[in-house]
Amino acid sequence: QVTLEESGGGFVQAGDSLTLFCAASGRNMNTYTMGWFRQAPGKAREFVAATEWVRGRTRYADSVDGRFTISRDDAENTVSLKMNNLKPEDTAIYYCAADKSAIAIMGGPNWNYWGRGTQVTVSS
């Protein structure tokens, strides 16, 4: 069983930076692909970023590429999302996710484990 807990959300101004953290618990967490998704009010949940263990690949949504950075610390079982130059359209609940599938890095919606989410609000 895997549990994920997000932290670090908050209220910021456009152009600010914020870092989200996800604490993972479970066996062999270093073998999971870890990712971040977000859901804005009235919209479907969307992929943000993912980091893979096996090949060390990372992947980002076009909307955040160049502004967000995903990192993992397998010794601490944590994954972070550094968000720079935040925009009002980044406002959403951000969810941490984990999956062992070889295709999870592609950013599809069907991940096995999800956290409860943390709110990020960006004011213009």
Side-chain angles (χ1 to χ4, degrees):
Q1 182 66 24
V2 172
T3 59
L4 306 170
E5 183 172 0
E6 304 92 339
S7 62
F11 184 98
V12 296
Q13 301 291 323
D16 284 352
S17 297
L18 195 64
T19 300
L20 304 182
F21 298 94
C22 175
S25 63
R27 295 182 65 181
N28 302 318
M29 288 306 305
N30 62 338
T31 63
Y32 284 77
T33 295
M34 302 296 296
W36 288 95
F37 288 73
R38 68 186 181 186
Q39 187 168 19
K43 295 187 177 181
R45 186 160 56 188
E46 64 176 3
F47 169 76
V48 175
T51 176
E52 184 184 53
W53 172 73
V54 175
R55 296 176 183 83
R57 293 183 294 176
T58 57
R59 187 178 180 91
Y60 297 92
D62 289 343
S63 58
V64 307
D65 198 6
R67 298 188 298 123
F68 290 12
T69 302
I70 188 170
S71 302
R72 65 190 295 160
D73 184 336
D74 288 323
E76 298 293 330
N77 282 349
T78 60
V79 61
S80 62
L81 184 69
K82 171 72 170 174
M83 305 184 293
N84 294 325
N85 189 24
L86 281 161
K87 304 175 181 181
E89 51 264 43
D90 294 318
T91 295
I93 299 174
Y94 283 72
Y95 297 90
C96 179
D99 196 277
K100 277 198 171 186
S101 169
I103 63 171
I105 191 66
M106 301 307 294
N110 299 318
W111 290 50
N112 278 339
Y113 301 102
W114 296 88
R116 292 185 177 183
T118 185
Q119 176 71 47
V120 173
T121 303
V122 184
S123 175
S124 59

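Here, residue 1 is the first one in the sequence, and each next residue gets the next number.
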Any non-hydrogen side-chain atom of [X] less than 4.5 Å from a side-chain atom of [Y]?
| X | Y | value |
| --- | --- | --- |
| Tyr94 | Gln119 | no |
| Ile70 | Val79 | yes |
| Glu5 | Thr3 | no |
| Phe47 | Met106 | no |
| Met34 | Leu4 | yes |

When the side chains of residues 8-20 are checked against the rest of the protein, which donor-acceptor pairs come out under 3.5 Å, sequence neighbours left out?
from, atom 1, to, atom 2, distance (Å)
Asp16, OD2, Gln13, N, 3.1
Ser17, OG, Asn84, OD1, 2.9

Donor-acceptor check, side chain of Arg57 to backbone of Thr51, threshold 3.5 angstrom: yes or no? no
Main-chain N/O of Cys96 paired with Glu6 side-chain donor or acceptor, under 3.5 Å: yes
What heavy-atom pair brings [X] and [Y] nearest, and what distance separates the two atoms?
| X | Y | result |
| --- | --- | --- |
| Asn77 | Met29 | OD1-CB, 3.5 Å |
| Ala40 | Ala92 | N-CB, 3.8 Å |
| Arg67 | Leu86 | NH1-CA, 3.9 Å |
| Trp111 | Gly35 | CZ3-N, 3.4 Å |

How long is the span from the CD1 atom in Ile105 to the OG1 atom in Thr58, to the nearest 0.5 Å?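 Here the interatomic distance stands at 6.5 Å.
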At what distance, to the nearest 0.5 angstrom, does CD of Glu52 lie from OG of Ser101?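 If we round to the nearest 0.5 Å, Glu52:CD and Ser101:OG are 9.5 Å apart.
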What do the steps show when you test Thr31 against Lys100 for side-chain contact (heavy atoms from CB on, under 4.5 Å), and what is the final call? CA-CA 7 Å; Thr31 63; Lys100 277 198 171 186; 3.2 Å; yes
Scan residues 26-51 for pairs that pass salt bridge (Lys or Arg N to Asp or Glu O under 4.0 Å), counting only residues two or more places apart or in two chains. Arg38-Glu46, Arg38-Asp90
What do you reckon, is CD of Glu89 surrounded by more than 12 foreign heavy atoms closer than 6.0 Å? yes
Does the side-chain contact (heavy atoms from CB on, under 4.5 Å) test come out yes or no for Met83 and Thr69, once each step is laid out? CA-CA 7 Å; Met83 305 184 293; Thr69 302; over 6 Å; no
Please report whether the ring centroid of Tyr95 lies less than 6.0 Å from that of Phe37.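 That pair fails the under 6.0 Å test.
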With Tyr32, the side chain to side chain contact (heavy atoms under 4.5 Å, CB included) member among Asp74, Asn112, Val2: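 Exactly one option meets the side chain to side chain contact (heavy atoms under 4.5 Å, CB included) with Tyr32, and it is Val2.
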Derivation and outcome, side-chain contact (heavy atoms from CB on, under 4.5 Å), residues Trp36 and Phe68: CA-CA 11 Å; Trp36 288 95; Phe68 290 12; over 6 Å; no
Identify whether Val120 and Tyr60 are in the same connected component of the hydrophobic contact network (ILVMFWY, side-chain heavy atoms under 4.5 Å). yes
